[in-house]
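One structure is given below, encoded as structure tokens.
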Amino acid sequence: MSRLKNYLTSKPENEQHSAAIAYLAALDHIEKTSPSVSASIIQELRDERSHLKLIASENFSSLAVQLAMGNLLTDKYAEGYPRHRFYAGCDNVDAVEEAAAQELIQLFGCDHAYVQPHSGADANLVALWAILLHKIQNPEIEKLGKKTLDELTPEEYESVRQLLVNQKMMGMSLNSGGHLTHGYRHNISSKMLRSVAYDVDPKTELLDYAALAKQVQLEKPTILMAGYSAHPRRLNFAKMREIADSVGAVLLVDMAHFAGLVAGQVFQGEFNPIPYAHVVTSTTHKTLRGPRGGFVLCQQEYSEAINKGCPVVLGGPLPHVMAAKAVAFKEANRPEFKTYARQIVDNAQFLADCFLQEGVRLVTGGTENHLMILDLSKFGLTGRQAETALREAYVTVNRNAIPNDIQGPWYTSGIRLGTPALTTLGMGKEEMKEIASIIFSVLSNTKAGVVQKTGQPSKASIITDSAIMDQARSRVKNLLSRFPLYPEIEI
Ligand code: PLP
């Protein structure tokens with residue numbers, strides 16, 4: 001019997017669960033074409049239900065968000081932007097894209113929102129290039145006495161291109177918790193621009209604004225980027241703007257990680273980037289709890305350049321994902337999202353305090369946001385080993401370098417933990433206490449393995465205590481049984 005028929009016959013009273021019905025019908029239908037894809041979706045649901053998700057960059061989106069992506073909007077090409085498309089028949093995509101943008105404008109109080117970027121990395125590319133075109137290319141075209149790029153001779157075009165790739169950007173180093181797209185050598189951002197990184201203070205691991213101001217004076221970047229993937233503190237955007245203004249730089253804030261905390265008004269005043277940054281980028285799937293994707297917000301001055309995401313960086317948008325973004329942003333505009341955002345941070349701070357009480361060192365000594373970085377030196381493990389041991393105990397985390405990490409970015413000396421997903425499940429302080437205790441027990445009872453050939457301690461393999469592991473898994477199971485994921489989907 002199909003999953004849906006089985007559900008309806010065994011639980012006729014559940015017929016009002018339209019999301020579950022839609023989900024089960026979709027799985028039945030997918031299975032007819034690709035049993036393996038349907039099986040992977042089901043297995044992912046089972047895995048997510050049986051493991052504690054502490055990945056700081058992930059969340060659980062609502063079924064409304066997920067279902068908004070599974071439809072014919074995926075078939076539509078809509079290059080351009082609302083009411084200005086390069087294809088016919090885009091009225092419904094216009095409505096979807098405008099709805100998503102309007103929800104964002106209401107949510108963040110910004111001048112302009114662009115919801116086409118397929119991811120956070122795309123959003124950063126769109127933003128960087130929009131800034132370059134607005135600040136460098138367009139004035140240069142004017143200087144040459146021309147109106148558009150198409151009027152330039154090949155020589156003039158080459159001189160403009162050289163000018164563009166010689167601009168400088170500054171972003172927080174990967175080592176300090178910055179993101180690859182903020183000027184990392186192996187990323188395109190450092191190849192299309194001259195990139196200079198700034199670090200956190202080596203002692204406090206906090207951003208030293210006075211030191212940054214000095215470095216900015218010396219480097220005079222065109223773009224100053226702020227934001228992070230692995231830094232557990234708020235940033236003061238009023239100070240960042242002052243520093244950017246001191247050299248006429250554009251302030252670009254990447255709030256991918258903490259967008260939900262801005263939306264939920266946990267980050268207010270000088271910690272809210274919207275009033276201070278010229279341009280703000282974000283992902284949609286982390287604390288904001290939407291589908292995977294990105295967006296750009298900007299002050300009016302940059303709106304025309306940002307709308308040119310296509311053709312500058314992007315091809316056609318993903319209308320089905322824009323529909324899911326519109327749904328997610330509507331959810332974030334509800335009053336209860338503020339309670340959710342506050343709880344994310346309360347949970348993170350409580351979880352951090354539990355580790356501190358056990359004598360575990362945390363990068364910067366604590367957290368002000370949704371994440372924390374545990375320094376594993378107390379346990380004599382690399383991040384890779386801790387990540388593996390915890391996954392065996394049904395706890396999902398990711399390894400993360402700590403500032404000036406002697407183990408490098410592959411093995412690392414730290415793990416990053418985040419509370420957005422478990423907070424979505426409804427967990428609170430009591431559960432954080434139990435989770436800290438499970439993690440501490442697993443890490444304290446895991447040892448580094450040895451490299452067979454050399455007999456030296458391994459950075460990857462582990463020796464675990466099976467009784468401790470069994471106990472940890474049963475504690476996780478017990479915890480998750482009280483906070484089921486998508487309980488209406490009976491699989
Ligand atoms: N910016 C920051 C600060 C991030 O943390 C991330 C992803 O982790 C991104 C950008 C890239 O987002 P995506 O993976 O959607 O491209």
Side-chain angles (χ1 to χ4, degrees), residues 53-59 61 65 69 114-129 131 169-184 186-190 193 195 197-198 200 207 223-235 237 240 251-263 267 271 273 277 279-297 309 313-315 317-318 321-322 324-325 328 344 363 367 369-373 396-401 409 412 414-421:
K53 188 199 281 235
L54 281 151
I55 305 264
S57 50
E58 292 183 10
N59 210 323
S61 56
V65 165
M69 276 182 285
Y114 182 68
V115 298
Q116 292 191 19
H118 310 332
S119 69
D122 277 7
N124 282 339
L125 271 181
V126 168
L128 287 169
W129 276 106
I131 294 167
M169 70 176 282
M170 283 182 70
M172 189 187 264
S173 68
L174 201 63
N175 179 48
S176 292
H179 190 255
L180 309 171
T181 54
H182 298 189
Y184 181 50
H186 294 270
N187 182 264
I188 186 80
S189 51
S190 78
L193 286 147
S195 152
Y198 57 86
V200 293
L207 188 58
I223 301 170
L224 177 62
M225 224 172 150
Y228 50 70
S229 303
H231 182 69
R233 298 284 164 179
R234 297 178 298 181
L235 295 178
F237 299 111
M240 296 294 288
L251 180 61
L252 168 58
V253 173
D254 177 351
M255 63 171 183
H257 260 266
F258 52 86
L261 307 183
V262 178
F267 284 10
F271 304 103
V279 182
V280 175
T281 58
S282 184
T283 55
T284 43
H285 45 271
K286 299 183 169 73
T287 46
L288 204 48
R289 209 163 56 181
R292 305 199 70 73
F295 63 79
V296 184
L297 311 178
V313 172
L314 306 170
L318 307 176
V321 181
M322 292 197 294
K325 286 174 183 175
I344 292 176
V363 168
T367 180
N369 58 20
H370 60 299
L371 68 87
M372 69 209 69
I373 317 278
T396 314
V397 306
N398 70 287
R399 62 187 185 276
N400 209 102
T412 81
I415 49 171
R416 184 182 67 166
L417 309 185
T419 54

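In each ligand, atom 1 is the first atom listed, and ligand 1 is the first ligand listed.
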Side-chain H-bond candidate by donor/acceptor type, R416 with S229, under 3.5 Å
no
Identify, by atom number and element, the atoms of ligand 1 in contact range of Y228, meaning under 4.0 Å from any of its heavy atoms.
3 (C)
Heavy-atom contacts with A121 under 4.0 Å: which atoms of ligand 1 show up? List them by number with element.
11 (C), 12 (O), 13 (P), 16 (O)
Could you tell me whether K53 and E58 make a salt bridge, using a distance below 4.0 angstrom between a side-chain N and a carboxylate O?
yes
Who's the nearest protein heavy-atom neighbour of atom 7 (C) of ligand 1, and how far?
K286 NZ, 2.9 Å
N or O pair under 3.5 Å between S119 and ligand 1:
yes
For the pair F258 and F271, evaluate ring-ring contact (aromatic ring centres under 6.0 Å, His included) and give the outcome as yes or no after the intermediate values.
CA-CA 11 Å; F258 52 86; F271 304 103; over 10 Å; no
If we count only non-hydrogen protein atoms and require a distance under 4.0 Å, does atom 1 (N) of ligand 1 qualify as touching the protein?
yes
In the protein, what heavy atom is nearest to atom 6 (C) of ligand 1, and what distance, to one decimal place, separates them?
H179 NE2, 3.2 Å
List ligand 1 atoms under 4.0 Å from A256, heavy atoms only on the residue side.
1 (N), 2 (C), 3 (C), 4 (C)
In terms of heavy-atom contacts, T283 and L288 come closest through O-CD2, 4.3 Å
Per-atom filter on ligand 1: closer than 4.0 angstrom to a heavy atom of S229 are 2 (C), 3 (C), 4 (C), 5 (O)
Is D254 close to ligand 1, meaning an N/O of one under 3.5 Å from an N/O of the other?
yes
Check ligand 1 against H257 and write out every atom of the ligand that is under 4.0 Å from a heavy-atom position of the residue.
5 (O)
Give me the atom names and distance for the closest heavy-atom approach of Y228 to G177.
CB-O, 3.3 Å
Enumerate the atoms of ligand 1 whose separation from the nearest heavy atom of H285 is less than 4.0 angstrom.
15 (O)
Could you tell me, atom by atom, which parts of ligand 1 come under 4.0 Å of a heavy atom of T283?
12 (O), 15 (O)
Give me the atom names and distance for the closest heavy-atom approach of S189 to L128.
CB-CD1, 4.4 Å
Please give me the minimum heavy-atom distance between Y198 and M240, naming the atom from each residue.
OH-CE, 3.7 Å
Verify the distance criterion only: is there a donor paired with an acceptor across the side chains of N369 and H257 at less than 3.5 Å?
no
I'd like to know if the side chain of N187 pairs up with that of T181 as donor and acceptor (distance under 3.5 Å, no hydrogens or angles considered).
no
Any atoms of ligand 1 less than 4.0 Å from a non-hydrogen atom of G120? List them with their elements.
11 (C), 12 (O), 13 (P), 15 (O), 16 (O)
